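All heavy atoms count here, side chains included; hydrogens, waters and symmetry mates do not. Chain identifiers are assigned alphabetically (A, B, ...) following the order of the sequence lines, protein sequences preceding nucleic acid strands; residue numbering begins at 1 within each chain. Please read all numbers here as calculations on a predicted model, not as lab measurements.
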2 protein chains.
Amino acid sequence: MSKITIRELAKELGIAVSTVSKALRDSHEISTETKAKVLEVATRLNYIPNLYASSLRRQKSRTIAVVIPEVADSFFSIAINGIEEVAREKGYHVLIYLSHESLERETEILNEFKSGRVDGLMISVTSETCTGNHITAAMNSGLPVVFFDRICEDIQAARVITDDFESGYIATRHLLEKGSLHPVFLSISSTLSINQRREAGFIKALQEAGIPEEKKSIIPCTGSDEQIAAQILQLLEPANRPDGLIASVEKLVPPVYMACQQLGCRIPDDVRVVGFTNLPAAPILQPALTTITQPAFEMGKTAAALLFKGIEKTSFDLSKETKVIPSRLMQRASSGA
Amino acid sequence: MSKITIRELAKELGIAVSTVSKALRDSHEISTETKAKVLEVATRLNYIPNLYASSLRRQKSRTIAVVIPEVADSFFSIAINGIEEVAREKGYHVLIYLSHESLERETEILNEFKSGRVDGLMISVTSETCTGNHITAAMNSGLPVVFFDRICEDIQAARVITDDFESGYIATRHLLEKGSLHPVFLSISSTLSINQRREAGFIKALQEAGIPEEKKSIIPCTGSDEQIAAQILQLLEPANRPDGLIASVEKLVPPVYMACQQLGCRIPDDVRVVGFTNLPAAPILQPALTTITQPAFEMGKTAAALLFKGIEKTSFDLSKETKVIPSRLMQRASSGA
DNA sequence: GGAATTGCCGAAAACGGTTTCGCAAATAAA
DNA sequence: TTTATTTGCGAAACCGTTTTCGGCAATTCC
């Protein structure tokens, strides 16, 4: 089964290649009968246009890139689902790149896009990414860009985010209402947008409650998984154990539960817990985990839809768009009765 | 920042475009000095080759496709990690497609590859995929294909799998040793390769143990998530509750724990549980889940490496390759003390 | 009825690299 | 010294599609 090209269709039909091309693209220059004939032969011979020839000529690839820190995280994997769904509807293909939380890698990846590799880019930045030169460089080369979830605050670009500040606030208030007197916030990166906002919501709730702002209440959890586990283990030692905590990202949830099991620390009696996560296992943990659940699927869909709008309508100024899709507090046993 | 092409490099250097091209590809026809000059100008002007022009001429795209049923499953998301790692090393790009367990969708997706869209394909088939006509069609068009995890038994092609039969056997023996007298196997699809093998291992262990092969011991769990939950809930009713069970895929784990919580069914005292899963939450479940953990990352890496070997060495007959990477039984509390 | 328009199609030039082939000079072999 | 061979480079064809442009006939408009 050799590849069949537009030339062979033309030969088969006894007409010019340009006519075939126009017929296939449903040009008004071509009569309905000719179109029908071309279409018939094309399907009969199972003609599939060569994407690269087409992309080369038209300077567009019907391909988008998704750059995320990692895929083994429920938020991102669910978001990809949403992205793929919209892409498929629109006839676009999606390339995936993992930055592994490395700014250097992210920069490398984005640099390749300047050649016109992709028609658009959706990105959730690295926790290292504070300056976005590589991103603005890509944007300046004419690439439509949509940030989703983890954005770069100082770049004027389309954003699809969730209400991280409010979620941080709500989670904290929830802990306070459940009786926690000194909740702590497990922070993963002081430069990460979502972390900053959640943290700000946390602080606001604390201030409103008249709780003195001790430095200790924000606990940085950084480094390898093992290091994080050790930090959390230390935090939950009986000596100065907090009575409530917020796991600001999904990866902090397992070490928290693990530490509690090791230390005999009871959730929620000793420490009330809320986690930012989309883990399907949240309701089956013991006790079931109260979560701030992000609208991952919707965010993926929305971001993709926005990107396609930016790609297809040149008149549309993508950079002014910001969509905020609210997260939800799923109240379960881990935060108290 | 306008796109800069190879012609502009040539003009800047005062040499022919063909020379520039060859220099950039490090051809032996070009002197070392010329190469150096070309390289200098190329980096200075930040030249990035147009992938589509290159792909069109060379008939290869340095792009592979990964087709999987879904991404929101720890196995697949970890496998993607492995794939991406190898792809990046090799300078390949990876397109991702989700079949959503639909054969029709899978067929559509594969059909597009016949145009030379990608240089190779890694696929984990749908549970609906018993006949692989669409896959052999793609293979016949010259596309190197590697199956990973969920294979199509009747297609002669490269495979990277885990020892599902042995794992099913080991999981079952483990349950029996822990005192389960009549373990059951929760099956998700009778056509799915991994399901069949795991089931076969289960049956073998039962036979060896002299347990009469009752039909009831293999429980089909199909349909929507809600339907599956209902089926499992019914199964675990006290009346004829099994004393051990194997969740043959990850998505069955939450409904099992959920049902036990609802019914007051104690794990492992009432029912011993083993699950096939890579869930990071497995150790923090109460009780911690005994798992058959698949080498997802290694499988992704191995499959990708194999595919690239098949792509790059035409002499290499991919279709005869089968790599089996063993899974591991992670013994935890859910299967008994 | 002549001019202007419209409808339909074909030839050829793009798109931006890669590759083949040929040519001249330099080197090696005879 | 003559003949082969090698080395380094340039001209042009090529990959498969899209698009511009022009042409011819049929139609519409004064």
Exercise. Do you know which two heavy atoms are closest between A:Ser77 and A:Val71, and how far apart they sit?
Worked result: CB-O, 3.8 Å

Between [X] (side chain) and [Y] (backbone), is there a donor-acceptor pair under 3.5 Å?
X	Y	result
A:Glu128	A:Ser102	no
A:Thr63	A:Val118	no
B:Glu112	B:Ile109	no
B:Ser27	B:Ala23	no
A:Ser319	A:Ala158	no
A:Ser54	A:Asn50	no
A:Glu321	A:Leu318	no

For this session: Please state whether the base of C:dC9 and the side chain of A:Glu29 form at least one donor-acceptor pair under 3.5 Å?
Result: yes

For [X] and [N], give me the distance from atom [atom1] to atom [atom2], rounded to whole Å.
X	N	atom1	atom2	value
A:Leu56	C:dG17	CG	P	9 Å
B:Ile6	C:dG16	CD1	P	12 Å
A:Leu13	C:dC9	CG	P	11 Å
B:Arg58	C:dG16	CZ	P	18 Å
B:Tyr52	C:dT18	OH	P	15 Å
A:Leu24	D:dG16	CG	P	16 Å
B:Arg62	C:dT18	CZ	C1'	15 Å
B:Leu45	C:dG16	CG	P	16 Å

Exercise. Have B:Gln294 and B:Thr162 got a donor and an acceptor in their side chains that come within less than 3.5 Å?
Worked result: no

Problem set entry | Nucleotide-level pairing of DNA chain D, given in dot-bracket where Watson-Crick and G-U pairs need both distances under 3.5 Å and | marks other strands | ||||||||||||||||||||||||||||||

Exercise. Of the candidate nucleotides C:dG17, D:dT19, C:dC8, which contains the atom at the shortest distance from the side chain of A:Ser31?
Worked result: C:dC8

Exercise. A:Ser21 has a side chain; which of C:dT18, D:dT19, C:dG10 sits nearest to it?
Worked result: D:dT19

For this session: Report which part of the nucleic acid B:Ser55 touches: base, sugar-phosphate, or nothing (heavy-atom distance under 4.0 Å, all strands).
Result: nothing

For this session: Remember a base hit wins even if backbone is also touched, and classify B:Leu51 as base, sugar-phosphate or nothing at under 4.0 Å, heavy atoms.
Result: nothing

[N] phosphate, OP1 or OP2, under 4.0 Å from [X] side-chain N/O:
X	N	value
A:Tyr47	D:dT17	yes
A:Gln59	D:dT18	no
A:Arg25	D:dT18	yes

Exercise. Should the pair A:Tyr92 and A:Phe308 be assigned to parallel (<30°), tilted (30 to 60°) or perpendicular (>60°) ring geometry?
Worked result: tilted

Using a cut-off of under 3.5 Å, enumerate the N/O to N/O pairs linking the protein to nucleotides 23-27 of chain C.
none

Exercise. Which is it for A:Glu101 and A:Arg150 under the salt bridge (charged side-chain N to carboxylate O under 4.0 Å, His left out) test, yes or no, and what are the steps along the way?
Worked result: CA-CA 12 Å; A:Glu101 301 283 10; A:Arg150 297 163 160 220; 3.0 Å; yes

Exercise. If you measure from the Lys or Arg side-chain nitrogens to the Asp or Glu carboxylate oxygens, is any gap between B:Lys90 and B:Glu312 under 4.0 Å?
Worked result: yes

Distances for protein N or O near nucleotides 11-13 of chain D N or O, under 3.5 Å:
residue, atom, partner, partner atom, Å
D:dA11, N6, B:Ser18, OG, 3.2

